Protein chains: 2
Amino acid sequence: MRLGQGVEWALHCCHALAEAPDASALPVQQLAALHGGNPAYLAKHLQALSKAGVVVSVLGPRGGYRLGRPADQIRLLDVVDAIEGSSPVFLCTEIRQRGPAALPPANYRAPCAIAAAVSSAEDAWRHALASTTIADIVTASRRQAPEAVTATARWLRETVD
Amino acid sequence: MRLGQGVEWALHCCHALAEAPDASALPVQQLAALHGGNPAYLAKHLQALSKAGVVVSVLGPRGGYRLGRPADQIRLLDVVDAIEGSSPVFLCTEIRQRGPAALPPANYRAPCAIAAAVSSAEDAWRHALASTTIADIVTASRRQAPEAVTATARWLRETVD
Ligand code: FES
Ligand code: FES
């Protein structure tokens, strides 16, 4: 089980957009260049974020992407779901109801104990991702790596037209 | 992000082995037939469980697989890791240290706030899977679907040589 690399990029893009000078829109090229990435690759992920409302695209000469709502209303879960899809991690196919020893459906009213346990682990994962917002990442990054945040903000400011 | 179907099969095999009459070994053919599955497909997953010590293979005419240790010492996490591998769900590639605004490594001593948040969600997932054992599944299944458990035990008993 693995999250795609797109999640790291998407989360860092949201972080960069939250720190964009004067909340300006940032073009894909600039978001990709910030961490030495490929604009075509990133464009795909930004479209997924845009479809989910996490970012919005702004047209025009100073166009690009900006956050779709305040950073404290964007949960890491929103970003992960936008990139990975929100279908369950574990898909129970009710194998317990198959085979020579299976009984009629009425005997399986309660969810399978195995499915229930794995689902509750999945809930714990989603709940944890839902409890952190991009605003929390902004705060933590400013505290933990202040020079890096300043350097990024400076670079963003200098490279915006 | 998705768990493979093998996880459902592996967990149900462990459950069946925990309910095997007189703790007898069950052959792959029987474990597969129990829920209408493919023996070759299941054999691959049983080998993975065996490699992880979750099950042991027993040679001889009444051979097959049995649990590698008591059911209350087999956590769902052990089974999921055996099938899916225990490498992290999220792999941070330190993209924050790449690109034109990056600073020397000394500025990134604290783990990236994004990586830390996603890792802690992963910890929550693993912790939840570690807090349920196959013995808990046995108990819950007997309570929730007693007729189905009885029917399975009867079928296992009748089809063991
Ligand atoms: S029947 Fe699907 S996990 Fe039990
Ligand atoms: S550098 Fe990898 S998640 Fe931040």
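Throughout, protein chains are lettered first and strands after them, A, B, ... in sequence-line order, and every chain is numbered starting at 1. As the structure is a prediction and not an experimental result, all values here were calculated from the model.
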Testing the basics here: between B:E8 and A:L91, what is the closest heavy-atom pair and its distance to 0.1 Å? OE1-O, 3.8 Å

Within one Ile-Leu-Val-Met-Phe-Trp-Tyr cluster: B:L31 and B:Y41, side-chain cutoff 4.5 Å: yes

Measure A:A145 against the heavy atoms of chain B and call it side chain, backbone, both or neither at under 4.5 Å. both

Atom group of A:R109 that falls short of 4.5 Å from chain B, counting heavy atoms: neither

Quick one: do A:I137 and A:V149 end up in the same hydrophobic cluster if we chain Ile, Leu, Val, Met, Phe, Trp and Tyr together by side-chain heavy atoms under 4.5 Å apart? no

Search all heavy atoms of B:A117 against all heavy atoms of A:T132 and return the closest pair with its distance. CB-CG2, 4.1 Å

Tell me, side chain or backbone of A:S141 under 4.5 Å from chain B's heavy atoms, or both, or neither? both

Under 4.5 Å between side-chain heavy atoms, hopping through other hydrophobics if needed: is there a path connecting B:Y108 to A:L11? no

I need the residue from A:V138, A:D136, A:I134, A:T93 with the largest number of non-hydrogen atom pairs under 4.5 Å to chain B. A:T93

Return the minimal non-hydrogen interatomic distance between A:A101 and B:A151, and the atom names on each side. O-CB, 3.6 Å

Nearest heavy atoms of A:N107 and B:E147, plus distance in Å: OD1-CB, 3.5 Å

Relative to chain B, which of A:S120, A:A140, A:C92 shows the most heavy atom pairs under 4.5 Å? A:C92

Is A:P111 close to chain B through its backbone or its side chain, or both, or neither, when contacts mean heavy atoms under 4.5 Å? backbone

Single-linkage hydrophobic cluster, 4.5 Å side-chain cutoff, A:V55 and A:V58 together: no

Residue part contacting chain B, namely of A:L76, when any heavy atom lies under 4.5 Å: side chain

Options A:A128, A:G36, A:P100, A:A110, ranked by heavy-atom pairs under 4.5 Å with chain B, top entry: A:P100

Does B:V118 reach the side chain of A:W125, with side-chain heavy atoms less than 4.5 Å apart? yes

Top contributor to chain B contacts, counting heavy-atom pairs under 4.5 Å, from A:G85, A:P88, A:A102, A:A32: A:P88

Any heavy-atom pair between the side chains of B:V89 and A:R2 that's under 4.5 Å? no

Can you give me the closest heavy-atom contact between A:H35 and B:I95, atom names plus distance? ND1-O, 3.0 Å

Residue part contacting chain B, namely of A:H15, when any heavy atom lies under 4.5 Å: side chain

Just give me the residue among A:E84, A:E122, A:H12, A:R126 that pairs up with chain B most often, heavy atom to heavy atom, under 4.5 Å. A:H12

Contact origin within B:R154 toward chain A - heavy atom pairs under 4.5 Å: neither

Please check if atom CZ in A:R66 has more than 12 non-hydrogen atoms from other residues, nucleotides or ligands closer than 6.0 Å. no

Between A:V7, A:D123, A:I83, A:L34, which residue shows the highest count of heavy-atom pairs closer than 4.5 Å to chain B? A:L34

Under 4.5 Å from a heavy atom of chain B, the part of A:L103 involved: side chain

